[in-house]
Amino acid sequence: MSRGAKKQFLVTNDCRLIDLPKINDPRGSLTFIEGGRHVPFEIKRVYYLYDVPGGAERGGHAHKNLREFIIAMAGSFDVVLDDGRQKKRMHLNRSYYGLYVCPMIWREMNNFSSGAVCLVLGSNLYDESDYYRNYDDFIKALPSV
Ligand code: TYD
């Protein structure tokens, strides 16, 4: 198999930044998100991280089926994506785009600025059985290429 062909199996390539609509106005900007239109799934859940102390790390898990869309609503932070073969660090710092994270991606979030707010839209309700919280278990569950 050529190097190029092998690259197609990198799941991190399915994760991507998605621009959101932005209505500019002298009174302030407005951005909206419609499930199935601006994000590639119907939105079933919203949660947010805030009051994150300096140096804290969040994430440290992967999901079997859950799809998520992550937005820096205020401040900034990094999301490190890992598909078991490749890692990508994404820096989020604007509320008019977000990061789509597909299933079977180990993610870690760090480098939170003071006052950062991380909004996450999810394709499903919270389900602990959808998590891999152990990195070795996640790696073992990946399809071998
Ligand atoms: P977790 O998903 O591990 O957070 P993070 O990825 O930001 O580190 O969740 C932290 C805790 O919150 C864990 O005990 C599960 C709980 N939780 C819910 O009860 N409902 C939810 O929707 C989420 C996302 C987490």
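Atoms within each ligand, like the ligands themselves, are counted from 1 in listed order. These numbers come from a predicted model, not from an experiment.
Tracing side-chain contacts under 4.5 Å through hydrophobic residues (I, L, V, M, F, W, Y), one never reaches Leu99 starting from Leu20; they form parts of separate clusters.
Ion pairing of Arg85 with Asp83 is absent here, as no side-chain N (NZ or NE/NH1/NH2) approaches a carboxylate O to less than 4.0 Å. Comment: Arg89 engages Asp78 in a salt bridge, judged by a side-chain N to carboxylate O separation of less than 4.0 angstrom.
For ligand 1, the atoms sitting less than 4.0 Å from at least one non-hydrogen atom of Arg58 are 4 (O), 5 (P), 7 (O), 8 (O), 10 (C), numbered in the order shown with element in parentheses. Below 4.0 Å from some heavy atom of Tyr47 lie the following atoms of ligand 1, by number and element: 24 (C).
A 4.5 Å side-chain heavy-atom check between Pro40 and Tyr100 finds at least one atom pair inside the cut-off. In this structure, Tyr126 and Arg45 have side chains that are in contact, with non-hydrogen atoms separated by less than 4.5 Å.
With a 4.0 Å heavy-atom cut-off, ligand 1 is reached by the side chain of Leu49 but not by its N, CA, C or O.
The closest protein non-hydrogen atom to atom 8 (O) of ligand 1 is Gly59 N, 2.9 Å. Protein heavy atom at the shortest distance from atom 6 (O) of ligand 1 is His61 NE2, 2.6 Å. For atom 14 (O) of ligand 1, the nearest non-hydrogen atom of the protein is Tyr126 OH, 4.7 Å.
Between atom OH of residue Tyr47 and atom SG of residue Cys118 there is a gap of 7.0 Å, rounded to the nearest 0.5 Å.
Residue Tyr131 has at least one nitrogen or oxygen atom sitting less than 3.5 Å from a nitrogen or oxygen atom of ligand 1, judged on distance alone.
The list of salt bridge (charged side-chain N to carboxylate O under 4.0 Å, His left out) pairs with a residue in residues 94-121, not counting sequence neighbours, reads Glu68-Arg107.
In terms of the side chain to side chain donor-acceptor pair (under 3.5 Å) criterion, Arg58 has no residue partners (sequence neighbours excluded).
Under the 4.0 angstrom criterion, atom 18 (C) of ligand 1 counts as having a protein heavy-atom contact. Distances from atom 12 (O) of ligand 1 to the protein include no heavy-atom value under 4.0 Å.
Residue nearest to atom 21 (C) of ligand 1, selected from Glu128, Arg45, Arg107, Glu68: Arg45 (by heavy-atom distance).
Assignment of Arg133 to the shell around ligand 1 is supported, since a heavy atom sits closer than 4.0 Å.
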